[in-house]
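In what follows, a structure is listed as structure tokens, so that the remarks can point back to it.
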There are 2 protein chains.
Amino acid sequence: MSAESSRLPTAPARLRADARHNRDRIAEVARDLLATRGLDVPMAAIARRAGVGIATLYRHFPTKEALVEVVFAEKFAACASVVDDALADPDAWRGFRTAVERVCALQADDHGFSAAFVAAFPAPDARERERARAVEGMAELTRRAQAAGRLRADFVPADLALLMAANRGVIAAAGRAGPAASKRLVGYLLGAFDAEGAGPLPPPAPIDLLDAVGRPPAPPVRPRAERGGRPGA
Amino acid sequence: MSAESSRLPTAPARLRADARHNRDRIAEVARDLLATRGLDVPMAAIARRAGVGIATLYRHFPTKEALVEVVFAEKFAACASVVDDALADPDAWRGFRTAVERVCALQADDHGFSAAFVAAFPAPDARERERARAVEGMAELTRRAQAAGRLRADFVPADLALLMAANRGVIAAAGRAGPAASKRLVGYLLGAFDAEGAGPLPPPAPIDLLDAVGRPPAPPVRPRAERGGRPGA
DNA sequence: CGGTAAGCGGAGGGGGCCATCCGTTTGCCG
DNA sequence: CGGCAAACGGATGGCCCCCTCCGCTTACCG
């Protein structure tokens, strides 16, 4: 955990003070916008809100992928540490349950997280290994919880992917209510996974059917030209 | 159910034979491509595959929205009739369960369906009323199933939206395995909804975590220019 | 069979996005 | 305080998408 991870070997390690400041500001803004509006946010928007030109943004992060990778690195780490915590729990079922809840909460708190979890991009090897370790950790939690007899026997690790995919869908649909909706979904599914039957449930979240089923991502205002009347006139 | 629904009042009711043929072919191709590749499929792709020019496509369907609306009209109807069937079932819980299963299956069979359910667009009034009726029908199924004591009391109609959103996420993530993954998710959730505890479960579907969490929609080949070495050459 | 309008196809306008180029400004070191 | 390289920013190119315009073809009707 040194203050700053190593940089590309060819790049100069020292940045001018203003450059460093801009870089940090860009990362900060990107974190916010990516979490709020997802991966679709244009680079130009990030640059503008950071108060820098587009060129500056691209100088610090040669591609959008690179920016996303950097921004979500910490989320990765959080995810991995959640799994580690869970593995340390002596109660296998509680460990499994809290790991699921916390990972799903990470997903819900950050619109871009899911999409960037694997970064969608090649992903550096180090990150890739970290991811693999987290996945293996979840599989281990699954085995333990099943051995403890609390997780139903027909549960398979792929069901975790199912869960996360479902969670992703709910978050995308619920908008502002994402975290609440996610909690309720997870509550239902953990109940379904539990060999001993259902427990209490998080409260319902106001999620609309239109959203559930696929309202367009962001139809703010479409002042497109009139149509209908032929151009004749 | 006349052979052809009424047309716009200003448009000529009679089409030339070739025009009619082309229109049908376009609709057919659009059905296929929208179901397979989702709403993102470009109009040009539809036109090309239908063997017509882009202008022809736009002459028959003045906007992409209009095309999607027409193409998914029948899916709407199928959805509504599923609810009607379920309402006719004397066993309230079975009606609820099969309605959920069948609607989710509709979603799974057609990538574009979710996104087009409300068409994302204003949607004609008739369609809008149909949709509202279906929603009300589902709410009624919910009440009956709860009255029968088989659906847990803390279930709320919004949980149906939750379910469909989750289903949407799973389908988007599972790709080819969408229908299987959807079935398993629905199996879990119906188990969680059931006041009497879990039943048997559909088999697991091979869904990868990368997909669950947000692999890019379609990264076929990106032969983009090299980067990495600074432009300094 | 011939005239006419309905129908056709492709080029291109307009917009959004990612990424780059180049003239200008500015922090840094002596 | 002066000079230089590092850093800046806006304009720009390329790509993809939706949609429209316009000259040519072809089905239909008398």
Side-chain angles (χ1 to χ4, degrees), chain A residues 11-26 30 33 37-68 120-121 216-233, chain B residues 10-26 30 33 37-48 50-68 120-121 216-233:
Chain A
R14 288 261 189 288
L15 283 175
R16 236 167 61 177
D18 56 342
R20 176 141 213 83
H21 175 265
N22 277 338
R23 186 189 170 287
D24 291 347
R25 172 103 186 105
I26 289 169
L33 286 187
R37 296 167 46 181
L39 284 192
D40 287 345
V41 60
M43 291 295 261
I46 296 174
R48 183 197 297 274
R49 179 121 154 224
V52 303
I54 309 197
T56 298
L57 199 171
Y58 275 98
R59 192 167 311 108
H60 288 296
F61 305 95
T63 184
K64 186 170 186 175
E65 308 176 358
L67 176 60
V68 172
F121 324 118
V221 206
R222 295 222 319 181
R224 212 197 281 297
E226 307 276 5
R227 66 176 67 90
R230 263 107 38 76
Chain B
T10 58
R14 284 267 190 284
L15 282 175
R16 237 168 60 178
D18 55 343
R20 178 151 216 69
H21 174 264
N22 277 339
R23 188 190 170 285
D24 291 348
R25 172 104 186 105
I26 289 169
L33 287 186
R37 296 167 45 181
L39 285 192
D40 286 345
V41 60
M43 291 295 261
I46 296 174
R48 171 137 29 120
V52 303
I54 307 196
T56 298
L57 199 170
Y58 275 97
R59 192 167 312 106
H60 288 294
F61 305 94
T63 185
K64 185 169 187 176
E65 308 177 358
L67 175 60
V68 170
F121 325 119
V221 205
R222 295 223 319 183
R224 211 196 282 293
E226 306 277 3
R227 67 177 67 92
R230 265 110 34 81

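Note on naming: letters A, B, ... go to the chains in the order of the sequence lines (proteins, then strands), and numbering restarts at 1 for each one.
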Inset, instruction - Look at the side-chain N and O atoms of A/T63 and state whether any lies under 4.0 Å from the OP1 or OP2 oxygen of C/dC18. - result: no

Legend entry - OP1 or OP2 of D/dG9 under 4.0 Å from side-chain N/O of A/T56: yes

Inset, instruction - Rounded off to whole Å, could you give me the CZ-to-P distance for the B/R48 and D/dC18 pair? - result: 13 Å

Legend entry - Nearest-angstrom distance from the residue atom CZ of B/R20 to P of C/dC8: 12 Å

Inset, instruction - Let me know the distance between CD1 of A/I54 and C1' of C/dG16, rounded to the nearest Å. - result: 12 Å

Legend entry - Whole angstrom value for the distance that separates C1' of C/dC17 from CZ of A/R37: 13 Å

Inset, instruction - Please work out if B/H21 contacts a base, only the sugar-phosphate, or nothing of the nucleic acid, heavy-atom cut-off 4.0 Å. - result: nothing

Inset, instruction - Apply the test side chain to side chain contact (heavy atoms under 4.5 Å, CB included) to residues B/I26 and B/R23: give CA-CA distance (whole Å), side-chain angles for both, the deciding distance (0.1 Å), then the verdict. - result: CA-CA 5 Å; B/I26 289 169; B/R23 188 190 170 285; 5.7 Å; no

Legend entry - Nearest-Å distance for atom pair CE/C1', residues A/M43 and C/dG16: 15 Å

Inset, instruction - Calculate the interatomic distance between A/L67 atom CG and C/dA19 atom C1'; express it in whole Å. - result: 13 Å

Inset, instruction - Flag the pair B/P42 / B/R37 as yes when at least one side-chain heavy-atom distance between them is below 4.5 Å, and no otherwise. - result: yes

Inset, instruction - May I ask you to test the A/L67-A/M43 pair for a side-chain heavy-atom distance under 4.5 Å? - result: yes

Inset, instruction - Please identify each residue that fulfils salt bridge (Lys or Arg N to Asp or Glu O under 4.0 Å) with A/R25, with sequence neighbours left out. - result: A/E28

Inset, instruction - Under the side-chain hydrogen bond (donor to acceptor under 3.5 Å, both in side chains) rule, collect the residues that match up with B/R16, sequence neighbours excluded. - result: B/D18

Inset, instruction - First locate atom CD1 of A/I46, then atom CZ of A/R48, and finally report the distance between them rounded to the nearest 0.5 Å. - result: 12.5 Å

Legend entry - Annotated protein contacts, base or backbone, on nucleotides 22-30 of chain D with a non-hydrogen cut-off under 4.0 Å, one of B, S, - each: ----BSS--

Inset, instruction - Starting from P on D/dC15, measure out to NZ on A/K64 and report it in whole angstrom. - result: 19 Å

Inset, instruction - Tell me whether the OP1 or OP2 atom of C/dA19 has a side-chain N or O from A/Y58 closer than 4.0 Å. - result: yes

Legend entry - Contact under 4.0 Å: A/N22 side-chain N or O vs D/dC8 OP1/OP2: yes

